[in-house]
Amino acid sequence: MKIKGKSVRSITKIIAAAKNSNRIQLAYRIDPSNTDKIRDVGFDENPSIGDYLIPAPLGKATQANSLGRQVVRKDLPKEPEPVSFHTSWTDWHGYQHSGIQTRYIDKYPREYIPADEEELTVCKINGGDAMYIVTDMIDLQKTDEKRIIHLSNIMLECFGEFEILDIDSGKIAGTKLKQLHWEILPKGSYPWSKTKGLVGEVTGKLKDSERLVVESRMEHISKFNPDFLATGRAGFSGYFVYGFSAKKIYLLESIHLDNATYVFGDNWEALSTLTKNEIINGDVGHTRIIHDKKWKRSIRELLS
């Protein structure tokens, strides 16, 4: 799965594209059709394995990466700052003059943020013939989210697209599901700060009165530290499965307000192959928690 565009604002797409991979690199394949892009970044037209560099400033992300940036501190009082400019003037005798003049102008202080200096490297993947330009290693469980977004935007600014390289397998991450009903995200911690963006992609289509109710339920479940998350696709869009492996509990939650929460045991693999009707109305063992006034307490008692 290629990620394309001008920029990203969250790591939602990165997590989804990584599938079950945790340790990844962002990768761009080199071929004769993209020689201009490779050269614009700063590499030779025919780069060699092991070549690495800080990419040239091509836009906002790469400029911050190579040159740093300044933040205008409007929370602080203005200070006099010298500003020089070239100008012309006429003296009292009518003679024209020109030169540099400097005046003091009150401006907000500026804070310099040092350049990140992230590097891109040329390599081959798993002994293959194709060459790629890759970022440094990213651990989706440990790497700061801002850094992941920054690296993603560097790649998009340089190349307009990238793929996800699974470091452990040495392969480009691909679809590993048996069917397309679910996106199974990498195993790890899924607090609300991490899942809010995923939920928001679906709830954004709802009325505010409905959206706030749904997000409140999802946030409540996230408080109990799920370590597994699957999001529904296509006909399953709007469905989320929160897993608690140690407790062998999996919750099926939906954005549809008239639905209950369905609680299943440690049988996610079986559930992932079923239809919604088979999951909800079939013989698969589950508990049904109605969305009533006692719902939050019931969830708390189940997961505490």
Side-chain angles (χ1 to χ4, degrees), residues 1 3-22 24 26 61 138-153 156 164 173 177 181-247 249-264 268 272 289 291 295-300 302-304:
M1 173 182 173
I3 295 178
K4 300 182 179 182
K6 294 182 178 180
S7 64
V8 296
R9 295 184 178 180
S10 74
I11 63 173
T12 301
K13 290 183 178 180
I14 314 301
I15 294 175
K19 306 300 180 183
N20 292 322
S21 304
N22 279 321
I24 65 171
L26 311 184
I138 294 171
D139 187 324
L140 289 176
Q141 300 302 319
K142 299 178 181 179
T143 304
D144 181 72
E145 183 172 337
K146 289 183 179 180
R147 186 182 179 213
I148 299 175
I149 294 173
H150 179 56
L151 287 170
S152 300
N153 287 332
L156 291 176
I164 304 296
L177 304 184
H181 286 161
W182 300 96
E183 292 277 1
I184 302 177
L185 305 186
K187 187 175 178 62
S189 176
Y190 285 97
W192 179 240
S193 60
K194 196 171 182 179
T195 59
K196 184 177 181 180
L198 291 169
V199 174
E201 289 184 355
V202 182
T203 59
K205 301 176 183 178
L206 300 176
K207 298 177 181 178
D208 284 347
S209 57
E210 297 175 343
R211 177 179 58 79
L212 294 173
V213 172
V214 171
E215 291 183 353
S216 174
R217 292 172 182 168
M218 302 287 188
E219 182 177 6
H220 185 67
I221 294 174
S222 298
K223 290 179 180 178
F224 299 94
N225 302 315
D227 59 0
F228 172 95
L229 183 64
T231 62
R233 299 182 50 177
F236 278 70
S237 179
Y239 285 81
F240 295 79
V241 176
Y242 294 86
F244 302 83
S245 302
K247 301 178 185 296
I249 294 175
Y250 290 78
L251 303 186
L252 177 67
E253 187 61 66
S254 168
I255 68 169
H256 306 294
L257 295 182
D258 56 340
N259 280 351
T261 300
Y262 293 85
V263 185
F264 298 89
W268 163 250
S272 67
I289 302 178
H291 288 139
W295 180 83
K296 284 191 174 182
R297 186 177 69 186
S298 298
I299 295 295
R300 184 170 59 252
L302 175 70
L303 299 176
S304 295

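Side chains of W192 and V199 form a contact here, defined as non-hydrogen atoms less than 4.5 Å apart. Counting heavy atoms from C-beta on, the side chains of I289 and L251 never come closer than 4.5 Å. Side-chain contact check for Y190 versus D227: every heavy-atom pair is 4.5 Å or farther apart. The closest side-chain heavy-atom distance from L151 to T143 is not below 4.5 Å. Within the 4.5 Å cutoff, the side chain of I164 has heavy atoms near those of the L26 side chain.
With sequence neighbours left out, D139 forms a salt bridge (charged side-chain N to carboxylate O under 4.0 Å, His left out) with no residue at all.
Among all heavy-atom pairs drawn from I221 and E253, the shortest one is CD1-OE1, 3.7 Å. Closest approach of V8 to S152, counting heavy atoms only: CG2-CB, 3.6 Å. Minimum heavy-atom separation, T195 to S222: OG1-OG, 3.5 Å. Looking at every heavy atom in both residues, S254 comes nearest to V214 through O-CG1, 4.4 Å. In terms of heavy atoms, K296 sits closest to S216 at NZ-OG, 3.6 Å. Between I15 and K194, the shortest heavy-atom distance links the atoms CD1-CE, 3.9 Å.
Sorted by first then second residue, the salt bridge (charged side-chain N to carboxylate O under 4.0 Å, His left out) pairs that include residues 143-152, not counting sequence neighbours, are E118-R147, D136-R147.
Partner of Y250 under the ring pair (Phe, Tyr, Trp, His ring centres under 6.0 Å) criterion, chosen from F244, Y242, F264, F228: F228.
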